[in-house]
Amino acid sequence: MVEEYELTTPLDDVRKLKVRDIVYINGIVYTARDLAHIRIKNYLEEGKQLPVNFRGAVIFHAGPAVRKRDGEWEVTGIGPTTSYRMEPFSEIVFGKLGVKALVGKGRMGGETLESLRKYGGVFLVAPPGCSAIIVESVEKVLGSYWLDLGVPEAIWILKVKRLGPLIVAMDSHGNSIFNEVRGNVLRALNEIYSIIGVKR
């Protein structure tokens, strides 16, 4: 049975969440794309202090479009980017940083699934193409770090209210919607091959 949750950051135990559940996020969300993840990894390896304490955090794989109005940043567009590019950082994100949820687009793989199981976390899929809805959830831009990476690649600190709907695509119990879909497709293909007499 699909449940609906409204969660407030920093997140604590998210093991109650199961694939297909619907989630809305309140509180603080950090954006981070490829370059920010690489810099986080480098900082950790070099023993440098990160600008953000990610324990219990939600990281949104997104690069917002922003503008300054009356001296303050304002998000004018934001949508999920393809999360699989951040797959190599799963152990760092969940194990070392203590992040509890990623928000993104598309699938993530086995490394992420194992990190979610090991440390307790979830991967949430944001509906692509719904930038206008997501923007409405952003109440305020609280700040940014690493703008030298470029606006989309910087870490943006967003205060959000009911960011969602987000779908739990991978949970901390080893379940993955992507694996289920792949299994269903392979079973259907085998059935079709059997019916038409194709041997594989």
Side-chain angles (χ1 to χ4, degrees), residues 7 9-12 14 23 25-68 71-126 128 131 134-135 137-160 163 166 169-170 172:
L7 306 177
T9 65
L11 303 184
D12 191 6
V14 294
V23 174
I25 301 288
N26 295 313
I28 307 299
V29 168
Y30 302 97
T31 68
R33 291 168 48 106
D34 312 58
L35 296 183
H37 281 77
I38 291 171
R39 183 168 287 184
I40 287 170
K41 178 176 180 287
N42 291 341
Y43 266 42
L44 291 174
E45 289 175 352
E46 295 165 7
K48 292 182 178 176
Q49 180 83 30
L50 293 174
V52 171
N53 179 358
F54 288 102
R55 192 145 303 278
V58 175
I59 290 182
F60 190 0
H61 294 154
V66 295
R67 68 182 174 192
K68 258 192 175 175
E72 294 195 1
W73 289 107
E74 177 183 67
V75 175
T76 59
I78 184 169
T81 192
T82 303
S83 293
Y84 194 71
R85 300 196 309 272
M86 273 58 82
E87 173 80 2
F89 304 97
S90 295
E91 175 68 25
I92 292 173
V93 166
F94 291 102
K96 293 190 176 177
L97 302 185
V99 169
K100 287 297 178 185
L102 298 177
V103 178
K105 179 178 76 174
R107 76 178 186 92
M108 294 196 81
E111 287 184 42
T112 298
L113 196 58
E114 176 57 21
S115 293
L116 298 178
R117 186 197 62 74
K118 192 173 176 182
Y119 302 108
V122 288
F123 175 52
L124 308 171
V125 172
S131 173
I134 296 173
V135 165
S137 73
V138 179
E139 289 189 314
K140 188 175 180 61
V141 177
L142 299 180
S144 63
Y145 291 99
W146 300 344
L147 273 170
D148 61 298
L149 297 176
V151 167
E153 298 289 343
I155 292 176
W156 290 91
I157 308 168
L158 309 179
K159 183 181 179 187
V160 299
L163 171 63
L166 308 170
M170 300 169 77
S172 56

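- Nearest heavy atom pair, residue Thr81 against residue Arg85, reads OG1-NH2, 3.2 Å.
- Residues Ala169 and Val125 come closest through the heavy atom pair CB-CG2, 3.3 Å.
- Within 6.0 Å of atom OH in Tyr119, more than 12 heavy atoms from other residues, nucleotides or ligands are found, so the atom counts as buried in its surroundings.
- The closest side-chain heavy-atom distance from Phe60 to Leu166 is not below 4.5 Å.
- Within 6.0 Å of NZ on Lys159 lie no more than 12 heavy atoms contributed by other residues, nucleotides or ligands.
- Side-chain contact between Ile157 and Tyr145 is present, with at least one heavy-atom pair separated by less than 4.5 Å.
- Looking at every heavy atom in both residues, Trp156 comes nearest to Val141 through CE3-CG1, 3.7 Å.
- Between the side chain of Ser131 and the backbone N or O of Gly77 there is no donor-acceptor pair closer than 3.5 Å.
- Considering CD1 of Ile59 and CZ of Arg33, their distance stands at 14.0 Å, rounded to 0.5 Å.
- Residues Ile134 and Gly79 approach most closely at CD1-CA, 4.4 Å, considering heavy atoms.
- In this structure, CG on Leu163 lies 9.0 Å from CG on Leu158, to the nearest 0.5 angstrom.
- Within the 4.5 Å cutoff, no side-chain heavy atoms of Ile38 are placed close to those of Lys41.
- Two residues are said to be in side-chain contact when any heavy atoms from C-beta on lie closer than 4.5 Å; Leu50 and Leu97 meet this criterion.
- The backbone N or O of Gly120 sits less than 3.5 Å from a side-chain atom of Lys100, completing a donor-acceptor pair.
- When all heavy atoms of Leu124 and Ala101 are compared, the closest pair comes out as CD1-CB, 4.2 Å.
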Report all side-chain donor-acceptor pairs from residues 61-68 shorter than 3.5 Å, counting only partners two or more places apart or in another chain.
{"residue": "His61", "atom": "ND1", "partner": "Ser83", "partner atom": "OG", "Å": "2.8"}
{"residue": "Arg67", "atom": "NE", "partner": "Glu74", "partner atom": "OE1", "Å": "2.5"}
{"residue": "Arg67", "atom": "NH2", "partner": "Glu74", "partner atom": "OE1", "Å": "2.9"}

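- Distance check, rounded to the nearest 0.5 Å: CZ of Arg55 to CG of Leu11 gives 13.0 Å.
- Taking the side chain as every heavy atom from C-beta outward, Val103 and Val29 never approach each other to under 4.5 Å.
- Relative orientation of the Phe89 and His37 rings is tilted, given thresholds of 30° and 60° on the angle between their planes.
- For the atom pair CG (Leu147) and CD1 (Ile155), the distance works out to 10.5 Å, reported to the nearest 0.5 Å.
- Arg107 CZ to Met170 CE: the interatomic distance, rounded to the nearest 0.5 Å, is 8.5 Å.
- At a threshold of 4.0 Å, the pair Glu153-Arg39 does not count as salt-bridged, since none of the basic side-chain nitrogens sits closer than that to a carboxylate oxygen.
- A donor-acceptor pair is defined here as one N or O able to donate and one able to accept, closer than 3.5 Å; no such pair exists between the side chain of Ser90 and the backbone of Glu111.
- For the atom pair CD1 of Ile40 and CZ of Phe54, the computed distance is 4.0 Å after rounding to the nearest 0.5 Å.
- Between Leu7 and Val58, every side-chain heavy-atom pair lies at or beyond the 4.5 Å cut-off.
- The minimum heavy-atom distance between Val93 and Leu102, with the atom names listed, is CG1-CD2, 3.9 Å.
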